[in-house]
Number of protein chains: 2
Amino acid sequence: MRRGLEFKKKARIIIVDDNYEHLSGIKELIEIESDFDVVATATSASVAISLIKKYRPEIVLMDINMPEKDGLTAIAEIEKLDLGVRIIALTGYDDPDLIFRAMKIGAKGYILKTMASAQLIYAIDEVAAGKIYLPAALSSRFFEYFQKSFKEENQELSDEENLLNYLTQREEEVLDLLTQGITYKGVAQKLFISETTVKTHVNNIFQKLQVNDRTQAVLYALNNGFLNRRKVKIAI
Amino acid sequence: MRRGLEFKKKARIIIVDDNYEHLSGIKELIEIESDFDVVATATSASVAISLIKKYRPEIVLMDINMPEKDGLTAIAEIEKLDLGVRIIALTGYDDPDLIFRAMKIGAKGYILKTMASAQLIYAIDEVAAGKIYLPAALSSRFFEYFQKSFKEENQELSDEENLLNYLTQREEEVLDLLTQGITYKGVAQKLFISETTVKTHVNNIFQKLQVNDRTQAVLYALNNGFLNRRKVKIAI
DNA sequence: AAAGATTTAGACCATATGGTTTAGAAAAAG
DNA sequence: CTTTTTCTAAACCATATGGTCTAAATCTTT
């Protein structure tokens with residue numbers, strides 16, 4: 001029966017906005033200009049959450065700037081419930097930090113209230129279809145923020161300044177095991193060398209990293225990109 | 001002289017692709033269908049880098065899948081030079097991991113070779129204008145990957161499972177200092193308590209976190225969100 | 001082939017760390 | 001106003017860790 005006639009089920013929507021004017025404006029817009037079904041509206045995050053549990057909508061339009069419980073916390077809570085609700089965040093302005101945090105905690109889309117109504121409908125359409133949608137303008141802001149945070153975090157030290165680059169291969173292996181909380185005895189066993197050899201390596205590592213104990217060496221390693229070819233940190 | 005006639009300087013481009021067919025195809029396309037100026041081409045990353053240093057183009061189109069030095073490493077190196085070159089990554093398929101890594105290290109755009117030529121021109125246009133451009137389809141892939149990695153990292157432990165939540169205030173203070181690589185003696189001085197008291201706290205911490213040494217305690221703390229209300233990690 | 005770096009490993013010693021128990025004072029919870 | 005928890009601190013001991021020096025075998029580089 002594939003590729004046959006598909007009766008596309010109307011996506012059910014809940015709209016959340018503390019401003020009643022906005023709320024009803026958006027509601028009308030959706031009811032008039034789209035096929036979606038606004039099953040409920042809420043003017044506070046806490047009410048919204050109970051409504052979501054009750055109606056199990058496909059889509060939630062969530063205003064971020066609300067007093068009391070703010071929209072971001074609400075999104076995080078709803079995502080934690082894991083009901084499969086797809087949340088589109090809504091704000092008045094394109095603060096990249098807000099965009100970043102919303103997307104981070106699981107929003108499937110983000111639109112500005114100032115955007116054309118067609119854009120809102122399109123966004124809902126895309127998100128209802130399982131995609132994640134960010135308008136090009138917001139996407140651009142997001143990525144600038146994203147890259148900036150990476151740059152700051154990663155380029156703390158140049159290659160010459162990063163003392164990790166002076167370690168030999170074997171020293172790296174030893175340090176790697178230390179960053180897993182393994183004792184010297186354990187390291188010796190894993191690397192098939194004697195414990196005294198491990199101690200020699202460790203002492204060399206200390207000198208090269210200019211630290212005086214295991215914990216500091218591990219912290220230096222973690223803070224300066226050791227193993228960061230797989231694991232990536234971003235600071236926000 | 002603002003808002004006067006602006007002679008928009010043609011953006012200068014260098015194209016990098018190990019496949020010569022592709023390379024000349026793209027070159028012709030750009031020369032015929034756009035205003036951009038292809039100042040050079042390269043079939044390897046290392047050649048590309050010297051050409052970039054020489055010509056200082058505004059835009060670089062960089063193929064990711066190349067033998068020898070791969071495109072991602074090349075992008076990272078070029079970004080490190082900090083010449084203000086804006087790099088657009090180019091691949092045959094939409095691997096979200098590749099997209100994520102490319103954007104992470106600073107690519108200003110990402111397009112597929114299979115995309116329409118108009119799309120390529122548009123991307124260059126946007127990136128040359130200072131924006132970051134990801135076609136909606138790739139952007140969607142990116143965000144799925146992005147959110148998945150956050151979800152995995154953040155929802156490792158529930159509040160009850162996270163042993164850090166069983167620590168007392170004083171124990172948290174001690175652990176905090178340990179995560180800074182401070183010795184027991186140092187902790188004692190900072191908290192104005194005796195060293196034996198520190199040891200008592202530390203032993204209690206070990207029991208609560210189910211570890212047997214300082215390094216493991218520090219690693220547990222760092223891996224399980226101690227101090228993570230400000231810093232956010234994502235694992236890839 | 002020679003020089004240098006890396007990896008291995010021992011001796012020796014000092015001290016920091018970890019394990020266990022006991023216990024009083026202070027604070028919080030009931 | 002008890003009871004419980006937290007914070008403080010000591011004694012005691014075993015062992016892991018760290019500092020320094022020496023040195024041979026192996027691998028790299030010139």
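We name chains A, B, ... by the order of the sequence lines, and we start the count at 1 in each one.
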| said: Restricting to side chain to side chain donor-acceptor pair (under 3.5 Å), what partner residues turn up for A:Y93, sequence neighbours left out? | reply: A:N65
Report, one pair per line, the protein and nucleotides 2-4 of chain C atoms (nitrogen or oxygen only) whose separation is under 3.5 Å.
none

| query | Do any of residues 192-203 of chain A sit with a heavy atom less than 4.0 Å from DNA chain D, and if so which? | reply | A:K199, A:N203
| remark: Shortest non-hydrogen pair, A:A221 vs A:L175, comes out as CB-CD2, 3.9 Å
| Spacing between A:Q216 atom CD and D:dT17 atom P, to the nearest angstrom | 15 Å
| field | A:F206 CZ to D:dT17 P, straight-line distance once rounded to whole Å | value | 9 Å
| Closest heavy-atom pair and its distance - B:L219, A:G181 | CD1-N, 3.4 Å
| said: Can you tell whether the side chains of B:K80 and B:E77 come within less than 4.0 Å, N to carboxylate O? | reply: no
| A:K148/A:E144 ion pair, N-O < 4.0 Å | no
| Ion pair present between B:E171 and B:K208, side-chain N to carboxylate O less than 4.0 angstrom? | yes
| field | Residues in ring-ring contact (aromatic ring centres under 6.0 Å, His included) contact with A:Y110, at least two apart in sequence or another chain | value | none
| request: Could you state the atom-to-atom distance from CD of B:E171 to C1' of D:dT6 in whole Å? | output: 8 Å
| note | Residues passing the ring-ring contact (aromatic ring centres under 6.0 Å, His included) test with B:Y133, sequence neighbours excluded, are B:Y122
| Integer-rounded Å distance: C:dA9 P and A:N204 CG | 14 Å
| Pair A:D213 + B:R214: basic N to acidic O under 4.0 Å | yes
| query | Quick one: does A:E58's side chain have a donor or acceptor within less than 3.5 Å of a partner on A:R12's backbone? | reply | yes
| query | Is the distance between the ring centroids of B:F146 and A:F142 less than 6.0 Å? | reply | yes
| For atom CG of B:L178 and atom P of C:dA16, their distance in whole Å | 15 Å
| query | Nearest-Å distance, CZ (A:R170) to C1' (C:dT7)? | reply | 8 Å
| message | If I take atom NZ in residue B:K185 and atom C1' in nucleotide C:dA14, what distance separates them, rounded to the nearest angstrom? | response | 11 Å
| request: Report the residue (B:I182 or A:E173) whose heavy-atom-nearest nucleotide on DNA chain C is the more 5′ of the two. | output: A:E173
| query | Near DNA chain D, under 4.0 Å by heavy atom, which residues of residues 207-215 of chain A? | reply | A:N212, A:D213, A:R214
